[in-house]
Each structure stands twice: as structure tokens, then as C-alpha cells.
Student: 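Okay, here's the structure, questions in a sec.
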Amino acid sequence: MALSNREIAELFERIGDMLEIKGENIHRILAYRRAAESIREFGRDLRVVSKEGGLEAIPNVGKVIAEKIDELLETGQLTFYEKLAAEVPAGVVDILHVNGVGPKKAKMFWQDAGITSLEELEAAARAGKLNNLPGMGEKSVARILEGIESLKRRSAETRTPLGVALPAAEAILSVLTALPGVGRGAIAGSIRRGKPTIGDVDLLVTADDAAPVMDVFTSMDNVARVLGHGPTKSSIELLNGLQVDLRVLPAERWGTALNYFSGSKEHNVKLRRIALDKGLSLNEWALTPENGDPEILCAEEEDLYARLGLQYVPPEIREDWGEIEAAQAGKIPALLTEADIVADLHMHTTWSDGRFSIREMAEAAYARGRKYIVITDHSHGATIANGLNVERLLAQQAEVRRVDAEMNGKIRVLHGTEMEIRADGSLDFPDEILAQLDFVVASLHVGLRQPREQVTQRVLNALRNPHVDLIGHPRGQLIIEREGADLDLDAVFATAKETGTALEINANPARLDLEASYARRAAEMGIPICIDTDAHSIDQMDLLRFGILTARRAWLSADQVVNTWPLDKFLDWVGNKHV
DNA sequence: GCCGTTTTCGGCCCGACTGTTTTCAGTCG
């Protein structure tokens with residue numbers, strides 16, 4: 001039974017929901033949810049870890065949950081879950097996800113009104129049957145009907161890709177920070193941490209008078225409904241279904257608030273523990289000494305970390321993946337920044353499925369401060385992408401050389417390919433052709449659903465080819481739409497290390513592949529990482545920032561990333577790689 | 001259910017907002 005990390009995480013998430021409806025101890029419920037979160041973010045395949053007997057090394061996974069994972073992987077079933085499912089109808093768990101319905105109400109609807117599905121809940125609400133239940137007035141019923149509508153709209157997937165949420169958040173923030181009386185503004189939450197998908201948007205601004213800011217926020221054109229409207233916090237749902245929370249606060253409390261609302265929850269819990277050890281209680285407003293001394297305000301996040309005796313922790317790594325311990329030891333690495341990037345090693349032109357010429361892409365890259373780029377159009381195996389055969393590849397090389405000369409040293413333009421790793425494992429170009437290229441990316445686009453052994457073997461073949469420099473978007477995942485290929489990443493990483501081949505963080509927010517947990521492990525093994533835009537148009541070159549966020553989440557410093565290397569070092573590496 | 005250079009037992013975050021139960025419970029983040 002081939003359950004993925006994500007499927008196992010979702011099952012434990014659901015177990016948490018069921019236990020909550022049953023009214024179980026909240027800490028036991030949270031234990032399942034924390035385990036689910038750790039599993040979702042864990043950088044290794046649970047099937048492998050289970051065989052090694054190392055499940056309990058996963059944060060928040062103890063003996064009991066480890067045994068449940070083993071049972072799931074061995075039998076494809078979980079007795080504990082089956083028992084719960086026999087007690088709590090599946091529809092009641094769905095009802096729990098309606099806005100305005102928590103465990104108490106879900107249980108009440110079920111046991112007092114016999115409601116066991118969203119459809120029954122909606123019918124009961126419309127028929128006025130809910131009003132008879134305790135605590136249910138007109139507004140509560142209306143809210144539940146709205147909640148059902150909202151849930152229907154985003155039923156397929158409740159999370160929004162970072163590539164959608166970040167620009168939306170920036171647009172709203174720029175409206176708010178332009179208002180009179182507003183000082184600072186920031187996007188907090190999981191967007192600030194660069195997570196690939198976002199639950200909702202958290203915005204913070206400083207202002208002495210919150211009311212006018214809240215009024216503008218809740219009456220913007222793209223507001224579908226106002227979920228809450230108070231003096232310090234308001235929430236809206238946008239027409240596209242995205243929920244946005246705004247908090248307005250005084251400037252002197254900026255540091256604690258920004259930290260609090262940036263999360264992650266797990267990071268913050270540890271910070272509060274450290275504060276308590278120092279006799280301080282930490283919340284979004286201040287550090288408050290337990291001995292009754294006046295509260296300590298932190299206007300900057302840096303002040304807060306300093307007060308706690310910690311090195312500053314960049315938001316992207318606040319996931320409780322060891323950053324607190326590193327900060328205590330003063331060992332937070334200097335994370336890569338966009339300013340470190342001098343090259344883009346993967347992009348397309350009109351020769352295959354790109355929208356701009358080689359010259360136009362070169363000019364655009366120069367305008368963005370790149371020192372060198374590699375033109376890597378698709379190979380002929382990618383027929384729908386108008387992939388190049390050998391003849392066209394060599395003709396393209398002549399044009400690349402000409403453009404490179406025309407750019408007159410402003411930027412170097414190199415010639416490569418994004419070569420198809422075919423479904424049968426063979427590569428699209430023979431070695432003598434690859435030898436003529438400056439840089440070779442090999443990628444999976446087809447056969448992603450092949451069995452683990454088969455698809456892994458294809459990637460290993462590509463890695464072992466002496467001319468292949470980089471595996472592009474290694475897992476072939478699409479954020480939200482598609483899980484990646486069932487690759488044996490342990491084997492892939494070991495072979496990449498052995499052959500000196502780089503692995504990509506594809507910066508396109510639809511991909512973000514490798515994702516942070518995998519990229520971190522690869523880099524720790526000493527595998528070079530490339531962060532490339534895979535741009536098919538000029539504007540896609542600006543997607544680099546999503547790759548940077550992902551790389552920072554992976555704890556990468558500049559030297560671990562090929563795109564930061566000067567051209568000489570890059571050419572040395574390409575030339576010497578497999579020798 | 002997990003966790004632990006104070007602990008293998010006893011903790012585990014708590015404040016804001018809303019609606020309705022006129023003093024608070026439920027939900028959310």
C-alpha cells in the first residue's frame with residue numbers, strides 16, 4: 001500500500017477532528033494535529049523511515065503514532081481510525097469545517113438534531129429547525145448558511161498557492177499603508193514564511209486610530225463579505241474566496257505583534273517557553289514580567305529575540321525545525337538573499353514554448369542584474385512544447401553564440417537544453433551532442449505516475465550521464481494540483497552527491513520543486529542547488545523571489561546555490577563535474 | 001499523545017470577537 005506522507009498527514013488530521021467532535025482531551029487532539037503537520041513537512045519518505053524503524057525521530061511522533069504509521073503502511077488500514085469512523089459519521093467531520101461551527105455545535109447538530117451531512121445541515125438551517133437548538137439565534141443560523149456556501153466554493157482545496165496569495169496581500173497592504181495615519185505595514189503569517197500554500201492572509205499595520213483603517217479594509221471593492229469588524233482585528237473574505245485578517249496596533253508593539261502573527265505556531269510556543277524560563281510572559285502585545293514589573297515593549301522583532309537571549313531568526317525558518325536551538329547557539333546561517341543571485345540557468349524562448357526571443361530574454365535578464373544565463377529550450381521528446389531535435393538545437397546554438405557576442409559582455413548568454421527524460425528512461429540527445437552544450441538540464445515531464453522503482457531508475461540514469469548538470473523540478477510536483485512522482489529520494493540524493501549533479505529549486509510558484517524540506521536535506525549532503533525561474537516569458541523572470549523564499553526555508557546560504565557563483569566558478573564546475 | 005540539561009508525570013497559549021445564555025460559551029487563529 002503506497003500511502004504518501006501527505007495522505008498519512010491528512011488521515012491524522014481527520015483523526016484529530018473526530019476526537020474533537022467526541023470531546024476528547026484537547027491536548028491529545030493537538031498531539032495528532034502536530035504529528036500531522038510534522039509528517040506533512042517531513043523531508044523523507046515515511047515508507048523508507050518506517051522500514052528503518054526511525055519514525056519516532058520525527059518531531060511530535062511518539063510510540064503510539066509511530067505504530068499507527070507502521071500499521072497504515074503495512075496493511076493500508078488503521079484499526080483505530082476504522083473504529084472512530086464507525087462512531088463519528090463522515091459528514092459530521094465535514095460539518096466541523098463550516099465557518100462558525102466548532103466541535104460543540106457539530107456534536108449538537110448530530111446528536112440533538114440527527115444531522116450527519118452538509119446537505120442535512122443546510123436543509124435544517126433553511127427550514128428553521130436549527131433555531132430551536134440552544135445558543136442558536138437568527139445570526140448564528142445565517143452565519144452557518146454563509147459558511148456552507150463558502151465551504152462549497154473552496155471545497156476542492158482550501159489552501160491558496162503562495163503565487164496567488166502574495167500578490168493579493170501586497171495589493172491590499174499598499175492600499176492600507178497609503179492611508180493617512182498609517183505608519184508601518186507588513187504581511188505576516190505563512191506568506192511571510194514563504195510556505196508554498198496559504199490558508200489565509202494576515203496583515204498588520206500601525207496606526208493610532210484603527211477605526212478608519214478598518215472601515216477602508218472592510219469596504220474594499222473586492223470584499224465578498226465581512227467576517228468580523230472590531231477595533232483591533234477585522235476579517236474579510238475576498239471575492240476569490242481568500243480570507244484576509246487585518247490587525248491594527250500601536251507602533252511601539254510592532255515587534256511582538258509581527259512575531260506573533262508571523263508564526264509558525266510551533267515556533268511561537270517555543271519562544272513563549274523560553275520567555276517563561278526568564279520569568280516573562282509573551283503575547284502579541286508585550287513581554288510581561290511575572291513579578292509585576294512593567295511590561296517590556298518590543299518595537300522590532302530584533303528586540304524581542306535579543307530580550308530572549310536569541311540570535312535573530314529569519315521568518316522563513318520559523319517552523320520549529322531546529323531554528324530555536326540554532327539561535328540559542330548563535331548558529332543561524334546567513335541565508336541567501338535575492339541580491340546574491342547572478343544567474344538564471346533554466347529558461348525558454350520562442351525556439352520551443354517560450355514567448356520571447358533569445359535576445360529579448362538576454363536583455364530582460366540583464367535588466368534584472370543577471371551576469372549570465374543559460375537558454376534551455378525543450379528537447380524533441382516534449383512534442384507539445386515544440387521541442388528541438390538535434391538539427392534545430394545546433395542551429396539554436398549558432399544564434400545563442402551570436403546574441404552572446406552582441407551583448408558585448410554586459411551579460412553572458414550560454415547554451416543548454418532542458419532535455420526530456422523519456423518514459424522508457426532514455427535521454428533525448430546522444431552524448432556527443434550533449435558534449436557540445438554549455439549546460440544540460442534533464443527533467444521528467446511524462447510518466448510521472450510510473451511505479452517507484454521505474455521512475456526512480458529514470459532519474460538515476462539521467463544523473464549518471466556525464467553531461468547532465470542539473471535535474472530540473474526533480475519531483476515533477478505541481479502545488480495543489482499534483483503530488484510529485486513517487487521517487488526514492490534517498491537514492492536520488494545519494495546518486496546526485498556521487499556524480500556531482502545539481503538539483504533544482506524551480507522558482508515557479510506552481511512548482512516550488514524541490515520544496516524546502518527536501519532541498520535542505522540535499523544541500524546538507526553537499527549537493528549543489530540551482531534556483532531557476534524556468535521562465536517562459538520575460539515577466540516570469542520575476543518569479544525568482546518564490547525560489548528565494550523556498551531556498552531560505554531550506555536554510556540555504558549563498559555558497560550552496562550555484563546561481564550565486566561567479567561565471568568562472570560556474571564554468572569550472574560544469575567542466576569538472578563528472579571527471 | 002508527546003515531551004523532558006529543572007521534569008518519565010504533569011504540563012501542553014490565550015486573547016479577540018461574536019451572538020446570545022444578561023455574565024458567558026463557542027469559535028478562531
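The shown structure was predicted, so the numbers you read here are calculated from the model rather than taken from an experiment. Just so we're on the same page: letters track the sequence lines, and every chain starts at 1.
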Student: How far does the C1' atom of B:dT22 sit from the matching atom of B:dT18, given to the nearest Å?
Tutor: 15 Å
Student: Report the nucleotide, chosen from B:dG29, B:dC13, B:dG19, that has the shortest atom-to-atom distance to any side-chain atom of A:R272.
Tutor: B:dC13
Student: Which whole number of Å gives the distance between the C1' atom of B:dT20 and that of B:dC13?
Tutor: 27 Å
Student: Which value, in whole Å, describes the distance between the C1' atoms of nucleotides B:dC14 and B:dC9?
Tutor: 24 Å
Student: Starting the side chain at C-beta, find the nucleotide from B:dG1, B:dG29, B:dG15 nearest to A:D245.
Tutor: B:dG29
Student: Whole-Å distance between B:dC3 C1' and A:K63 NZ?
Tutor: 16 Å
Student: Sort out the partner of B:dT8 for me: Watson-Crick or G-U wobble, both distances under 3.5 Å, none otherwise.
Tutor: none
Student: Nearest to the side chain of A:H229, heavy atoms from C-beta on, is which of B:dC13, B:dG15, B:dT18?
Tutor: B:dT18
Student: Measure from the side-chain heavy atoms of A:K104 and tell me the nearest of B:dC28, B:dG26, B:dC13.
Tutor: B:dG26
Student: Tell me whether the OP1 or OP2 atom of B:dC17 has a side-chain N or O from A:T232 closer than 4.0 Å.
Tutor: yes
Student: With heavy atoms under 4.0 Å as the rule, sort A:G189 into base, sugar-phosphate or nothing.
Tutor: nothing
Student: Can A:R225 and A:E146 be counted as an ion pair, charged N to O under 4.0 angstrom?
Tutor: yes
Student: Between A:E295 and A:R253, does any NZ, NE, NH1 or NH2 come within less than 4.0 Å of an OD or OE carboxylate oxygen?
Tutor: yes
Student: If we ignore angles and hydrogens, is there a donor and acceptor under 3.5 Å between the side chains of A:Q311 and A:Y305?
Tutor: no
Student: Take the protein atom CD1 of A:I144 and the nucleotide atom P of B:dT20, then report the distance between them rounded to whole Å.
Tutor: 10 Å
Student: Nearest to the side chain of A:P103, heavy atoms from C-beta on, is which of B:dG1, B:dT27, B:dA16?
Tutor: B:dT27
Student: Looking at B:dG26, B:dG1, B:dG15, which one has an atom nearest to any side-chain atom of A:K105?
Tutor: B:dG26
Student: Classify the nucleic acid contact of A:N268 as base, sugar-phosphate or nothing, counting any heavy atom under 4.0 Å across all strands shown.
Tutor: nothing
Student: With respect to the side chain of A:Q243, which nucleotide from B:dC12, B:dG29, B:dT20 is positioned closest?
Tutor: B:dG29
Student: Does A:P134 reach a base, just sugar-phosphate, or nothing at all? Heavy atoms under 4.0 Å.
Tutor: nothing
Student: With heavy-atom distances below 4.5 Å as the criterion, would you say the side chains of A:H267 and A:I324 are in contact?
Tutor: yes
Student: Touch check for A:G135, heavy atoms < 4.0 angstrom, all strands: base, sugar-phosphate only, or nothing?
Tutor: base
Student: OP1 or OP2 of B:dC13 versus the side-chain N and O atoms of A:S281: is any pair under 4.0 Å?
Tutor: no
Student: To the nearest angstrom, how far is A:K233 atom NZ from B:dT27 atom P?
Tutor: 15 Å
Student: B:dG1 P sits how many Å from A:E266 CD, rounded?
Tutor: 19 Å
Student: Taking CZ from A:R273 and P from B:dG11, how many angstroms apart are they, rounded to a whole number?
Tutor: 13 Å
Student: Of A:L276 and A:G137, whose closest DNA chain B nucleotide lies nearer the 5' terminus?
Tutor: A:L276
Student: In whole Å, measure the gap between the P atoms of B:dG10 and B:dG15 for me.
Tutor: 25 Å
Student: For the C1' atoms, the ones on B:dT7 and on B:dC12, what distance do you get once it is rounded to whole angstrom?
Tutor: 14 Å
Student: A:S140 side chain: which of B:dG15, B:dG19, B:dG1 is closest?
Tutor: B:dG19
Student: Just the rounded figure in Å: distance from P of B:dC2 to CZ of A:R33.
Tutor: 16 Å
Student: With rounding to whole Å, what would you report as the distance between B:dT6 and B:dG11 at their C1' atoms?
Tutor: 14 Å
Student: Quick one: does NZ or CZ of A:K68 land under 6.0 Å from the six-membered ring centre of A:F80, within 45 degrees of the ring axis?
Tutor: yes
Student: B:dC17, B:dG1, B:dC28: which one has an atom nearest the side-chain heavy atoms of A:N99?
Tutor: B:dC28
Student: Look at the side-chain N and O atoms of A:W285 and state whether any lies under 4.0 Å from the OP1 or OP2 oxygen of B:dC14.
Tutor: no
Student: Using atom CG of A:L133 as one end and atom C1' of B:dA25 as the other, report the distance to the nearest whole Å.
Tutor: 15 Å
Student: Using atom P of each nucleotide, how far apart are B:dT21 and B:dA25 to the nearest Å?
Tutor: 13 Å
Student: Please report the C-alpha distance between A:R126 and A:E122 in whole Å, then the side-chain angles of each, then the deciding distance to 0.1 Å, and finally whether the salt bridge (Lys or Arg N to Asp or Glu O under 4.0 Å) criterion is met.
Tutor: CA-CA 6 Å; A:R126 292 198 191 285; A:E122 185 173 1; 2.9 Å; yes
Student: Please report the distance separating the C1' of B:dC2 from the corresponding atom of B:dT8, rounded so that it comes out in whole Å.
Tutor: 12 Å
Student: Identify which nucleotide among B:dG29, B:dC28, B:dG1 has an atom closest to any side-chain atom of A:R143, counting heavy atoms from C-beta outward.
Tutor: B:dC28
Student: More than 12 heavy atoms of other residues, nucleotides or ligands under 6.0 Å from CZ of A:R272: is that the case?
Tutor: yes
Student: Can A:R6 and A:E13 be counted as an ion pair, charged N to O under 4.0 angstrom?
Tutor: no
Student: Write down the distance between CG (A:N259) and C1' (B:dG15), rounded to a whole number of angstrom.
Tutor: 16 Å
